[in-house]
Amino acid sequence: MPLNSSPTPQLVLASSSPRRLSLLAQIGIVPARIAAPDIDEATHAAELPRDYVLRIAVQKALAVPRAPGEVVLAGDTTVAVGRRILAKPDDAADLRRMLMLLSGRRHHVFSAICVIGDDAKPRTRVSDTIVTFKRLSAAEIAAYIASGEGMGKAGGYAIQGRAEGFVRFLSGSYSGVVGLPLFEARALLESAGVRLG
């Protein structure tokens, strides 16, 4: 091995999300291992959506033990209407409230990434995507709730599923709305020395 060469860093995905795993696969990246972080994702008082999503991504990355030669990638996505953060719905009533709020309105989807390599320095990026929903009828909202797709999703919807039919306008990163902005992820991983496919 040449004196100047070093082993390619191994990627650790700090997420249990199958969506993030499949998004990475789209750009030829397969993590060496997956480790789900266990952190408190509660918002702080008066915390802005961009600040919140960035803080959570960094905390997730820091919460996963990293061995020498490993690079940790963590991400977080949240939906915001103005300064109001729409987290994952608690139940069907909460999901209905979110869909009614999003109906016919523009909202932002913030998707943050944090990468930590051997230098232990968090590298971060935040993708801000503008999404506008069509005006939803009561029947459309009821049908979407009944599908079960919106539960467990930030903002109460999955753009890669039935909710894509609600999207009248999108400006930004589609993959960021799904859960991991691939342009930003690729740039950060390259800067950390991860070999990309």
Side-chain angles (χ1 to χ4, degrees), residues 11-31 34 36-37 39 41 43-44 47-64 71-89 98 101-102 105-117 121-133 149-150 152-161 163-194 196-197:
L11 178 63
V12 179
L13 177 60
S15 174
S16 59
S17 167
R19 295 176 300 283
R20 292 195 177 105
L21 188 61
S22 64
L23 283 168
L24 285 174
Q26 286 180 210
I27 56 172
I29 300 174
V30 179
I34 296 171
I39 66 164
E41 297 188 32
T43 57
H44 292 167
E47 190 170 29
L48 294 175
R50 178 185 287 270
D51 297 336
Y52 166 76
V53 77
L54 183 58
R55 175 176 64 82
I56 295 299
V58 172
Q59 286 184 359
K60 285 180 177 179
L62 292 172
V64 170
V71 171
V72 174
L73 167 68
D76 193 65
T77 301
T78 198
V79 173
V81 177
R83 297 168 60 101
R84 187 183 313 183
I85 294 171
L86 302 186
K88 298 172 184 176
M98 289 184 185
L101 185 63
L102 296 172
R105 296 182 65 173
R106 186 179 81 164
H107 61 275
H108 289 258
V109 180
F110 294 100
S111 195
I113 301 174
C114 180
V115 169
I116 301 178
K121 174 187 174 183
R123 295 172 172 85
T124 60
R125 294 275 184 96
V126 180
S127 164
D128 177 5
T129 301
I130 298 171
V131 181
T132 303
F133 271 16
E149 183 180 273
K153 308 292 193 305
Y157 73 91
I159 197 169
Q160 71 276 20
E164 188 167 0
F166 300 158
V167 177
R168 185 166 59 82
F169 173 84
L170 185 148
S171 176
S173 171
Y174 177 86
S175 61
V177 181
V178 177
L180 188 74
L182 292 178
F183 178 82
E184 289 81 358
R186 188 180 184 95
L188 287 182
L189 290 172
E190 284 179 336
S191 73
V194 175
L196 306 179

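Worth knowing before you read on, the calculation uses all heavy atoms, side chains too, and leaves out hydrogens, waters and symmetry mates.
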Novice: side-chain contact (heavy atoms from CB on, under 4.5 Å) with R84: which residues, sequence neighbours excluded?
Specialist: L86, L101
Novice: Taking only residues at least two apart or on different chains, which pairs with a member in residues 163-172 satisfy side chain to side chain donor-acceptor pair (under 3.5 Å)?
Specialist: E164-Y174
Novice: Listed by chain and number, what are the salt bridge (Lys or Arg N to Asp or Glu O under 4.0 Å) partners of E41, not counting sequence neighbours?
Specialist: none
Novice: Tell me the closest heavy-atom pair linking P181 and S175, and the distance in Å.
Specialist: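 P181 and S175 have their closest heavy atoms at CA-OG, 3.5 Å.
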Novice: In a table with atom names and distances, give each donor-acceptor pair under 3.5 Å that connects a side chain of residues 57-64 to protein atoms at least two apart or in another chain.
Specialist:
| from | atom 1 | to | atom 2 | distance (Å) |
| --- | --- | --- | --- | --- |
| K60 | NZ | G75 | O | 3.1 |
| K60 | NZ | D76 | OD1 | 2.9 |

Novice: Among all residues two or more places apart in sequence or in another chain, which pass the side-chain contact (heavy atoms from CB on, under 4.5 Å) test with P89?
Specialist: D94, L95, M98, M151
Novice: Please list, chain by chain and in numerical order, all residues satisfying salt bridge (Lys or Arg N to Asp or Glu O under 4.0 Å) with R19, sequence neighbours excluded.
Specialist: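 Partners of R19 by the salt bridge (Lys or Arg N to Asp or Glu O under 4.0 Å) criterion come out as none, since no residue qualifies.
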Novice: Report the residues that fulfil side-chain contact (heavy atoms from CB on, under 4.5 Å) with L21, sequence neighbours left out, ordered by chain and then residue number.
Specialist: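 So L21 forms a side-chain contact (heavy atoms from CB on, under 4.5 Å) with L13, P31, I34.
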Novice: Please list, chain by chain and in numerical order, all residues satisfying salt bridge (Lys or Arg N to Asp or Glu O under 4.0 Å) with R50, sequence neighbours excluded.
Specialist: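 Applying salt bridge (Lys or Arg N to Asp or Glu O under 4.0 Å) to R50 gives D128.
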Novice: Which residues pass the side-chain contact (heavy atoms from CB on, under 4.5 Å) test with Q26, not counting sequence neighbours?
Specialist: L23, L182
Novice: Tell me, please, which residues at least two apart from R123 pass salt bridge (Lys or Arg N to Asp or Glu O under 4.0 Å).
Specialist: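 Testing R123 for salt bridge (Lys or Arg N to Asp or Glu O under 4.0 Å), a comparison that skips the adjacent residues, returns D119.
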Novice: With sequence neighbours excluded, what pairs up with S17 under the side chain to side chain donor-acceptor pair (under 3.5 Å) test?
Specialist: none
Novice: With rounding to the nearest 0.5 Å, note down the distance linking CD1 in I130 to CZ in R106.
Specialist: 4.5 Å
Novice: Hey, is K153 close enough to E149 for a salt bridge, meaning N to O under 4.0 Å?
Specialist: no
Novice: For S127 and S173, work out which heavy atoms get closest and say how close.
Specialist: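 Distance-wise, the nearest heavy atoms are OG-CB, 3.5 Å.
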Novice: Listed by chain and number, what are the ring pair (Phe, Tyr, Trp, His ring centres under 6.0 Å) partners of H107, not counting sequence neighbours?
Specialist: F133, Y157
